[in-house]
Amino acid sequence: MSTYITENIKQNIQEYFTSQYQANIAIEKIVIQKTKSDFEGDFTIVCFSFTPITKKSPDISANELGEYLVEKNRLVVKYNVIKGFLNITLSLSYWSDFISSNLSNLKFGLKTENSKGRIVIEYSSPNTNKPLHLGHVRNNLLGHSVASILKADGFDVKKVNLINDRGIHICKSMLAWMKWGNQETPESSGLKGDHLIGKYYVIFDQKYKEQIKELVATGMVQEVAEKQAPLLIEAQEMLLKWEHNDPEVRRIWELLNSWVYDGFEFTYKQMGISFDKIYYESNTYSLGKSLVEDGLKKGIFNQREDHSVWADLTNDGLDEKLLLRGDGTSVYMTQDLGTAQLRNDDYSPEKMIYVVGNEQNYHFDVLKLILHKKLGYEWAGGIHHLSYGMVELPSGKMKSREGTVVDADELMLAMIEEAKLQTIEKGKTDQFSPQEATELYRMIGLGALKYFILKVDPMKNMMFNPEQSIELTGNTAPFIQYTHARICSLLEKSGVDFTILHHYESSKLESAELAIIRQLHEYPSIITEASANYSPAVIANYAFELVKMYNSFYQEKPILKEEDQEKKNIRLAISQITRIAIRNSMFLLGIDVPSKM
RNA sequence: GGUUCCGUAGCUCAGUUGGAUAGAGCAACAGCCUUCUAAGCUGUGGGUCGCGCGUUCGAAUCGCGCCGGGAUCACCA
């Protein structure tokens with residue numbers, strides 16, 4: 001929608017240069033942007049690049065072009081030139097038509113057809129040895145939001161999760177549980193399954209450290225002790241047994257994992273995220289192994305004396321990478337090769353996005369290089385690592401050993417609790433039923449958390465300050481939710497039927513109205529931009545701008561008491577579309593919006 | 001050390017393919033609730049865009065070199 005008018009003008013400009021100067025100008029070279037609010041006009045054409053063609057000063061070139069546009073395009077009514085910037089003003093009817101045509105469009109800004117091809121996006125990808133923490137929260141929110149944005153931009157999106165249910169880490173938890181667990185279960189302990197297993201992972205680490213200390217005390221070198229501690233060796237043996245399908249090991253593994261899955265499911269549900277398909281590494285790692293063995297036969301990989309298999313990537317500026325251990329068990333890379341292959345077989349997507357933290361940048365460079373260049377799979381060219389920065393705390397980095405990890409479940413509960421306290425203090429829920437009130441606290445608490453995390457550019461490391469995150473004023477979800485609720489209330493009181501209201505006296509549009517209409521007009525292209533950059537932050541920042549603008553507009557004068565009926569209708573119409581844009585934006589961030597608060 | 005990402009107000013962050021006088025929120029200060037919901041609005045103060053050089057009509061944005069910080073360079077996942 002917003003591109004329509006600017007594309008139109010770009011064509012006019014192209015025609016102008018062919019007819020007046022017999023010159024061809026590439027459409028990408030023409031820069032049209034929203035006019036800054038300090039200047040008069042709707043769109044600004046930057047005219048400096050035209051001077052080589054016109055052989056005239058930027059100002060004169062701009063004036064001549066302005067003249068032409070006013071004459072040629074009936075939507076352009078006037079122009080002004082400031083230092084080589086050509087500001088054009090569109091006919092008011094353009095803006096009022098825009099309002100009319102979107103008034104009852106609940107999908108405003110969202111593309112409904114899958115016209116851009118298929119994308120598989122993987123996110124969350126937890127290990128089964130411990131509960132989800134703040135880092136996973138960023139991952140989950142980012143993945144879920146990017147998936148929604150891509151879909152809204154017209155892609156056919158498949159959301160997948162890959163659970164790392166096998167490997168040495170889960171063997172460690174299992175071992176600790178077998179040795180010191182006394183058959184403890186989630187029921188007997190009252191702990192959520194993932195938290196229970198996490199507890200044993202910590203116990204393993206403690207006991208392992210003790211053993212190392214003892215060995216060092218007997219005169220062993222630290223590095224050697226770390227490798228020879230009996231507990232670690234036992235865990236390694238267990239992994240081997242697991243890969244050889246030892247019934248007892250498998251039984252315990254399945255039992256403990258099932259507890260963890262129940263725990264994860266609860267967390268995902270609370271967080272409001274979901275998947276189309278869940279992959280388990282235990283099902284895919286053997287495919288990875290066979291890929292590696294094939295590569296070995298073809299001479300793409302090489303084998304060392306201890307039977308371990310390696311890929312030599314030194315010619316591509318990377319190192320040598322282990323693909324299979326000497327004992328034949330697989331490593332992280334092995335299973336990722338397998339899952340990529342499997343995923344391609346399942347969906348044959350144009351793109352595969354992996355939402356994984358930036359500490360794994362190297363891993364994904366290697367993964368793509370091996371699949372695409374070494375093994376020669378064309379489809380692997382579509383692999384994209386959506387890398388995001390670390391979440392830091394004011395106290396420093398999160399370290400599980402030092403107990404500075406922020407647990408996802410606890411965090412969400414704390415946010416909801418804080419939302420409840422502040423809401424009650426303001427008396428917002430006095431008239432609510434208990435169910436409505438509980439639902440509102442949840443929306444506000446989780447909304448604040450999600451927005452706080454998603455408003456930051458994914459690429460950057462971010463600071464998670466617990467106190468700031470529960471702030472409910474300023475650039476926060478509750479502020480946006482609040483505005484949405486107020487508009488709902490306004491519209492309800494107005495009693496206007498938007499299916500009938502479709503025509504306006506465009507001369508009633510004044511600058512306050514125009515400012516916000518221009519912002520709304522941009523919305524569809526904002527979604528495209530967010531999709532191209534895989535960045536929910538683009539949506540969040542847009543929504544905040546829109547809401548701020550609307551609040552000024554709203555405060556300006558009482559809409560319902562507006563005496564001019566035509567003007568009142570136009571302000572109600574703007575409120576309606578703003579409401580839809582807010583709701584849709586928050587939907588793309590996975591944030592619920594209440595209709596009253 | 002190699003590779004890579006980041007560096008914008010006291011703090012947390014925006015800043016579109018290079019565009020006009022670099023913007024918000026928080027914090028501070030001053031106003032606005034008999035006026036559709038004050039989780040709001042209006043105003044004030046606050047900047048060597050890490051530093052330097054280059055590219056050009058024009059640089060927070062692009063290039064090169066420094067400085068500072070993170071990540072990674074595992075038979076962990």
Side-chain angles (χ1 to χ4, degrees), chain A residues 28-29 31 33-36 38-39 44 46 48-49 51 57-58 82-85 87 125-127 129 164 166-170 172 227 236 281 306 308 310 317-319 321-327 329 331-333 335-336 357-363 365 387 389-390 392 394 397 419 422-423 425-426 428 444 448 452 455-457 459-465 468-469 471-483 485-494 522 525-526 529 533 537-538 540-542 544-545 547-548 551-552 554-562 575 596-597:
Chain A
E28 311 86 55
K29 295 265 178 176
V31 179
Q33 51 203 215
K34 208 170 61 159
T35 301
K36 288 188 132 194
D38 325 346
F39 302 97
T44 298
V46 183
F48 296 96
S49 59
T51 52
S57 77
I82 297 168
K83 295 201 302 189
F85 294 93
N87 302 319
S125 318
N127 292 345
N129 63 327
N164 302 306
R166 60 160 297 283
I168 192 79
H169 59 286
I170 181 67
K172 290 177 181 176
K227 286 185 180 163
Q236 284 166 343
E281 274 191 2
D306 66 354
S308 59
W310 296 74
L318 302 175
D319 301 318
K321 189 76 187 174
L322 177 80
L323 299 178
L324 277 180
R325 292 193 188 98
D327 65 4
T329 56
V331 291
Y332 183 36
M333 184 58 71
Q335 48 219 29
D336 258 7
N358 64 9
E359 76 270 18
Q360 290 187 33
N361 287 351
Y362 182 72
H363 173 77
D365 286 347
S387 167
M390 304 277 94
E392 285 157 17
K397 291 196 62 185
Q422 295 198 35
T423 306
E425 193 183 329
K426 290 184 188 302
K428 296 279 185 185
I444 294 174
F452 187 84
K455 75 176 175 185
V456 181
D457 183 335
M459 184 75 84
K460 294 185 178 178
N461 286 359
M462 66 167 291
M463 177 64 66
F464 187 86
N465 185 328
Q468 275 178 19
S469 70
E471 281 289 330
L472 271 42
T473 62
N475 189 0
T476 62
F479 168 63
I480 294 169
Q481 290 169 322
Y482 171 66
T483 303
R486 263 190 343 202
I487 297 177
C488 286
S489 160
L490 172 74
L491 293 175
E492 197 183 332
K493 284 180 183 167
S494 77
E522 258 191 283
S525 60
I526 291 292
E529 188 191 329
N533 296 315
V538 172
N541 287 302
Y542 168 85
F544 179 60
E545 281 298 317
V547 165
K548 264 200 315 178
N551 278 339
S552 307
Y554 183 91
Q555 202 91 9
E556 197 185 51
K557 50 188 134 171
I559 294 173
L560 294 179
K561 293 189 176 158
E562 177 67 65
S575 300
K596 59 176 181 171
M597 71 184 275

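Everything numeric in this text was worked out from a predicted model, so none of it was measured. Just so we're on the same page: letters track the sequence lines, and every chain starts at 1.
- Within 4.0 Å of A:E545, counting heavy atoms only, lies no atom of the nucleic acid at all.
- Residue contacts shown for A:M597 include a base, since a base heavy atom lies under 4.0 Å away.
- Side-chain to base pairing of A:N87 with B:A20: one donor and one acceptor N or O lie within less than 3.5 Å of each other.
- Nearest nucleotide to the A:Y554 side chain, out of B:C36, B:C41, B:A77: B:C36.
- We find the OG-CG distance between A:S308 and A:L324 to be 9.0 Å, quoted to the nearest 0.5 Å.
- Rounding to the nearest 0.5 Å gives a distance of 11.5 Å between CD of A:Q468 and OG1 of A:T476.
- Judged by distance alone with a 3.5 Å cut-off, no donor-acceptor contact links the side chain of A:T483 to the base of B:A39.
- Residue ring and nucleobase are stacked for A:F48 and B:G19, with a centre distance beneath 5.5 angstrom and an angle between planes beneath 30°.
- The side chain of A:R166 contributes no N or O atom lying less than 4.0 Å from OP1 or OP2 of B:C76.
- For B:A20, the OP1/OP2 oxygens have a side-chain nitrogen or oxygen of A:K36 closer than 4.0 Å.
- Residue A:F85 is classed as a base contact, given a heavy-atom separation below 4.0 Å to a base.
- Across all strands shown, A:I168 has heavy atoms under 4.0 Å from sugar-phosphate atoms exclusively, and none from any base.
- A parallel orientation is assigned to the rings of A:Y332 and A:H363, their planes being inclined by less than 30° (bins at 30° and 60°).
- Between B:U42 and A:S552, a contact under 4.0 Å exists linking OP1 or OP2 to a side-chain N or O.
- A:T44 comes within 4.0 angstrom of a nucleotide base, judged by non-hydrogen atoms across all strands.
- Listed nucleotides: B:U12, B:U37, B:C13. Nearest to the side chain of A:V456: B:C13.
- The A:D306 side chain lies nearest to B:C75 when the options are B:C36, B:C75, B:A14.
- Remark: A:N475 is not in phosphate contact with B:A24, judged by side-chain N or O atoms under 4.0 Å from OP1 or OP2.
- In this model, the phosphate group of B:U37 is approached by a side-chain N or O of A:S489 to a distance below 4.0 Å at OP1 or OP2.
- The shortest distance between the side-chain N/O atoms of A:K561 and the OP1/OP2 oxygens of B:C36 is not below 4.0 Å.
- On the P atoms, B:U8 is 6 Å away from B:G50, given to the nearest whole Å.
- The 5' end of RNA chain B is approached more closely, in terms of each residue's nearest nucleotide, by A:T476 than by the other of A:E359 and A:T476.
- Within the 4.0 angstrom heavy-atom criterion, only backbone atoms of the sugar-phosphate kind lie near A:T473; the bases stay farther away.
- Side-chain N/O atoms of A:K428 and base N/O atoms of B:U37 include a donor-acceptor pair closer than 3.5 Å.
- Ranking B:A20, B:A71, B:C75 by closeness to the A:N358 side chain, first place goes to B:A71.
- Using atom P as the reference point in both B:G15 and B:C6, the two lie 12 Å apart (nearest Å).
- Side chain of A:K321 to backbone of A:M333: no donor-acceptor contact under 3.5 angstrom is found.
- By the rule that a glycosidic angle within 90° of 0 means syn, B:C33 counts as syn.
- Among the atoms of the strands shown, base atoms are found under 4.0 Å from some heavy atom of A:A485.
- Between B:A39 and A:Y482, a contact under 4.0 Å exists linking OP1 or OP2 to a side-chain N or O.
- Without hydrogens or angle criteria, A:T329 side chain to A:R325 main chain gives no donor-acceptor distance under 3.5 Å.
- Contact annotation: A:K460 side-chain N/O to B:A14 OP1/OP2 distance is under 4.0 Å.
- For B:U37, one of the phosphate oxygens OP1 or OP2 lies less than 4.0 angstrom from a side-chain nitrogen or oxygen of A:K493.
- A distance of about 34 Å separates the P atoms of B:U56 and B:G1, rounded to the whole Å.
- Taking the ring centroids of A:F48 and A:F85, they lie under the 6.0 Å cut-off.
- Of the candidates B:C13, B:A77, B:A20, B:C13 carries the atom nearest the A:M462 side chain, counting heavy atoms from C-beta on.
- For A:E392, counting side-chain heavy atoms from C-beta on, the closest listed nucleotide (B:U37, B:G70, B:G25) is B:G70.
- Residue contacts for A:D365: at a heavy-atom cut-off of 4.0 Å it reaches no nucleic acid atom on any strand shown.
- Which of B:A77, B:G70, B:G40 sits closest to the side chain of A:Q360 comes down to B:A77.
- Counted within 6.0 Å of CE on A:M459, heavy atoms from surrounding residues, nucleotides or ligands total 12 or fewer; the atom is thus considered open.
- Checked against side-chain hydrogen bond (donor to acceptor under 3.5 Å, both in side chains), A:Q481 has no partners two or more places apart in sequence or in another chain.
- Remark: the separation of the C1' atoms in B:U17 and B:U61 is 11 Å, to the nearest Å.
- Heavy atoms of A:E281 sit under 4.0 angstrom from primed sugar atoms or phosphate atoms, though from no base atom.
- On the C1' atoms, B:A27 is 11 Å away from B:U12, given to the nearest whole Å.
- If you check every strand for non-hydrogen atoms under 4.0 Å, A:K34 touches nothing.
- Of the candidate nucleotides B:C36, B:U12, B:G25, B:C36 has the atom lying nearest to any side-chain atom of A:L560.
- Among the atoms of the strands shown, base atoms are found under 4.0 Å from some heavy atom of A:I444.
- Across all strands, A:T329 comes closer than 4.0 Å to no nucleic acid atom at all (heavy-atom distances).
- Between the side chain of A:N461 and the main chain of A:G389, no donor-acceptor pair closer than 3.5 Å is present.
- Distance check on atom C1': B:C33 versus B:C11 gives 30 Å, rounded to whole Å.
- If you find the closest nucleotide of RNA chain B to A:F452 and to A:P558, the one lying nearer the 5' end belongs to A:F452.
- Checking the phosphate oxygens (OP1, OP2) of B:C76, a side-chain nitrogen or oxygen of A:R325 falls inside 4.0 Å.
- Within the structure, every side-chain polar atom (N or O) of A:K557 is placed at least 4.0 Å from both OP1 and OP2 of B:C36.
- Distance check on atom C1': B:G19 versus B:A38 gives 39 Å, rounded to whole Å.
- As judged by a 4.0 angstrom heavy-atom cut-off over every strand, A:V538 is placed among residues making no nucleic acid contact.
- Proximity note for A:L322 (side chain, C-beta onward) versus B:C75, B:A20, B:C36: the nearest is B:C75.
- Under 4.0 angstrom from either OP1 or OP2 of B:U21 there lies at least one side-chain N or O belonging to A:K83.
- Comparing B:C36, B:U17, B:U37 by their nearest atom to the side chain of A:L490 picks out B:C36.
- Using atom C1' as the reference point in both B:C13 and B:G18, the two lie 22 Å apart (nearest Å).
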